[in-house]
Q: 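Here you go, one structure.
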Amino acid sequence: MNVYDTRKMADVLAGLGYEPVETPEGADMMILNTCHIREKATDKVFSELGRLREHKIAKEKAGGKMIMAVAGCVAQAEGDFILKRAPDVDLVFGPGSYHELPEMILKAGGERVVNTDFPVEDKFDALPGQHKSQGPAAFLSVQEGCDKFCTFCVVPYTRGAEYSRPVQAVLDEAKMMVDGGTKEITLLGQNVNAYHGENDKGQTTSLGALIALLADINGLERIRYTTSHPKDMDEELIDAHGSIHKLMPYLHLPVQAGSDKVLKAMNRKHTAESYLDIISALRKVRPDIAMSSDFIVGFPGESEEDFEATMEVVRKVEYQSAYSFKYSARPGTPAANMAGLVREDIKAERLERLQKLINEQQLAFNRKTVGLTLPVLFERKGKNDGQLQARTPYNQSINVPANERLLGEIVGVKVTEAFGNSLAGEVVTEEMTLKSA
Ligand code: SAH
Ligand code: SF4
């Protein structure tokens, strides 16, 4: 979401004549776009600001001016406090108000500005269209905010109430992206499958129905969505995985924990069993679907037995990948006041066990694809010369020796080798088929 927001800020600023630069030295403006989800991310903000201010000081010494801004969820949560703690910051604005950057910049010429308003609806209306190419695989925000209030999470406070963009606005933006060369779109939202945008007739449209409409766009080849909540995996969306071939066989569906006691304390509104049932239903309509998840270990009150229930869910699902985190108490959330704190060393030890299992599963998944020929989308140049980086339908990253003219193309590639986090492969061409025949 922050990657998407950053691009959008660049689009807004392009209207004022700004353009992105590679390094902050000498820039007219720096924006630090921040994340508040865990303490570690928030802590980094002030150390990073300390580092960045050197560029502002240098520019001022040389007689220039540099606007220093803090954006994103830390800006939303900390507001004025950032101005107090970081005296060089001119501008603080949350994720709901970056479309107002032109006005804010004007004001910031004379005073320090804090903007933590939430006019989300206006934001999407006010943002400029995507005139520049977004690249072969790009994000498209369809939903923002969250009304779920999981007890550990700051998102409902920093991103505000749930909002779905109207269907036509999403379709228009998607078409513009495809015209610019985008082949794969990942629909974005904090709770993307809670999407319930209105169509032109004023009817509420679900994410499954929205995906069906997007699939009709010529030239759009691949659709993904993230992040979903188990509670909102309705039948229409599950069925879409079976019937819409442009919808990729990969789903990031966070479960957080495997113990129903912990899930209840987290206010997740689902059980381990209902989560596993969803995956069974998905695998019924799309047997090869690759699953991914988020996990939190060491939530207040988590016993060894509760943690073992998490491990059991992982063993049952066999993930393609997963992200796991130590529980981090966030100010203002209900869990921050819960009893039963789990010791740091126990959290670390559980995290290690979980990640070991996940890594094994990830490698096993990757190994299973060796020998297959998969359609991959070439997204960017690889780290090594003569190599391109692509993505398989299962969201695996694959490095392939290939000509740069294949960038942005979907090509058949045979998987030759599997590693923990990536694959290696080679382009399957007719020429090769002839040679080997
Ligand atoms: N909307 C998504 C998650 C958004 S936050 C969902 O409902 O699943 C992304 C991930 O950060 C979460 O899935 C969770 O695993 C992690 N996370 C959020 N708050 C956290 C906290 N306080 N401590 C540790 N991890 C956290
Ligand atoms: Fe946070 Fe996701 Fe829960 Fe919303 S559903 S509160 S974003 S973890």
Side-chain angles (χ1 to χ4, degrees), residues 1-5 34-43 72-74 76-77 95 120 139 141-164 186-196 207 224-233 251-259 262-270 272 274-275 278-279 291-302 307 310 313-314 317 319 321-338 340-342 344 346-348 350-351 354-355 358:
M1 186 65 81
N2 268 7
V3 170
Y4 178 87
D5 286 345
T34 61
C35 177
H36 197 48
I37 198 79
R38 284 175 294 277
E39 199 179 354
K40 219 165 142 186
T42 304
D43 282 350
C73 288
V74 177
Q76 186 66 35
V120 196
F139 293 126
S141 191
V142 301
Q143 183 277 340
E144 198 167 353
C146 180
D147 294 340
K148 294 266 189 309
F149 290 93
C150 298
T151 53
F152 53 81
C153 185
V154 288
V155 168
Y157 311 96
T158 59
R159 289 268 176 180
E162 210 173 277
Y163 167 75
S164 296
T186 299
L187 305 174
L188 277 187
Q190 266 82 31
N191 230 285
V192 73
N193 57 341
Y195 179 84
H196 57 277
L207 186 68
R224 304 179 190 274
Y225 58 94
T226 200
T227 298
S228 311
H229 190 287
K231 191 98 199 348
D232 296 314
M233 284 307 297
L251 181 61
H252 181 69
L253 189 64
V255 64
Q256 313 297 357
S259 143
V262 173
L263 286 170
K264 191 151 197 280
M266 287 177 163
N267 190 31
R268 285 291 291 181
K269 304 182 180 85
H270 61 79
S274 66
Y275 174 80
I278 293 164
I279 295 179
M291 294 304 305
S292 163
S293 178
D294 291 340
F295 294 94
I296 295 176
V297 302
F299 186 80
E302 184 189 73
F307 173 69
T310 299
V313 165
V314 178
V317 175
Y319 286 100
S321 66
Y323 304 90
S324 43
F325 316 99
K326 285 192 266 186
Y327 167 71
S328 160
R330 309 306 293 127
T333 60
N337 299 320
M338 283 182 190
L341 286 192
V342 177
E344 214 36 50
I346 295 179
K347 279 193 214 168
R350 286 181 189 162
L351 187 70
L354 177 62
Q355 290 187 337
I358 290 167

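Worth knowing before you read on, the calculation uses all heavy atoms, side chains too, and leaves out hydrogens, waters and symmetry mates. In listed order, ligands and their atoms are each counted from 1.
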Q: Looking only at distance, does Thr227 have an N or O less than 3.5 Å from an N or O of ligand 1?
A: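 In this structure, Thr227 places no N or O atom under 3.5 Å from an N or O of ligand 1.
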Q: Assess His229: does it contribute an N, O or S atom lying under 2.8 Å from atom 3 (Fe) of ligand 2?
A: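 False for His229.
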Q: May I ask you to decide if Gln355's main-chain N or O and Ser324's side chain share a donor-acceptor pair within less than 3.5 Å?
A: no
Q: Residue-level breakdown please: for Asn191 versus ligand 2, do any non-hydrogen atoms fall below 4.0 Å on the side chain, on the backbone, on both, or on neither?
A: side chain
Q: Pull out every atom of ligand 2 sitting under 4.0 Å from any heavy atom of Cys150, numbered as shown with elements.
A: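 Those atoms are 3 (Fe), 5 (S), 6 (S), 8 (S).
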Q: Answer yes or no for atom 4 (C) of ligand 1: protein heavy atom present at a distance under 4.0 Å?
A: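 No, there is none.
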Q: Counting heavy atoms only, which part of Phe149 comes closer than 4.0 Å to ligand 2: side chain, backbone, both or neither?
A: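 It is the backbone that touches ligand 2; the side chain stays farther off.
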Q: Would you kindly specify which portion of Arg330 sits under 4.0 Å from ligand 1, judged on non-hydrogen atoms: side chain, backbone, both or neither?
A: side chain
Q: Would Glu39 count as a contact residue for ligand 1, given that I'm defining contact as a non-hydrogen atom of the residue lying under 4.0 Å from a ligand atom?
A: no
Q: At under 4.0 Å between heavy atoms, is it the side chain or the backbone of Pro254 that contacts ligand 2, or both, or neither?
A: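 Answer for Pro254: neither.
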Q: To which protein heavy atom is atom 24 (C) of ligand 1 closest, and what is the distance rounded to 0.1 Å?
A: Lys326 O, 3.4 Å
Q: Under a 4.0 angstrom heavy-atom cut-off, which atoms of ligand 2 come close to Phe152?
A: 8 (S)
Q: Relative to the heavy atoms of Arg268, which atoms of ligand 2 are at a distance of less than 4.0 Å?
A: 3 (Fe), 8 (S)
Q: Could you check atom 14 (C) of ligand 1 against the protein and tell me its nearest heavy-atom contact, residue, atom and distance included?
A: Gln256 OE1, 3.4 Å
Q: Arg159: heavy atom below 4.0 Å from ligand 2, yes or no?
A: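 In this structure, Arg159 fails to qualify as a contact of ligand 2 - no heavy atom is under 4.0 Å.
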Q: Heavy-atom contact under 4.0 Å between Arg268 and ligand 1?
A: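 Flag set, Arg268 near ligand 1.
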Q: Assess Cys153: does it contribute an N, O or S atom lying under 2.8 Å from atom 4 (Fe) of ligand 2?
A: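 No, Cys153 does not qualify, because none of its backbone or side-chain N, O or S atoms lies under 2.8 Å.
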Q: Would you mind running through ligand 2 and noting each atom that sits below 4.0 Å from a heavy atom of Lys148?
A: 4 (Fe), 5 (S)
Q: Out of all atoms in ligand 2, which are within 4.0 Å of some heavy atom of Pro156? Include the element for each.
A: 6 (S)
Q: Does Ile296 come within less than 4.0 Å of ligand 1, judged by its heavy atoms?
A: yes
Q: Which ligand 2 atoms, with their elements, are less than 4.0 angstrom from a heavy-atom of Cys146?
A: 4 (Fe), 5 (S), 6 (S), 7 (S)
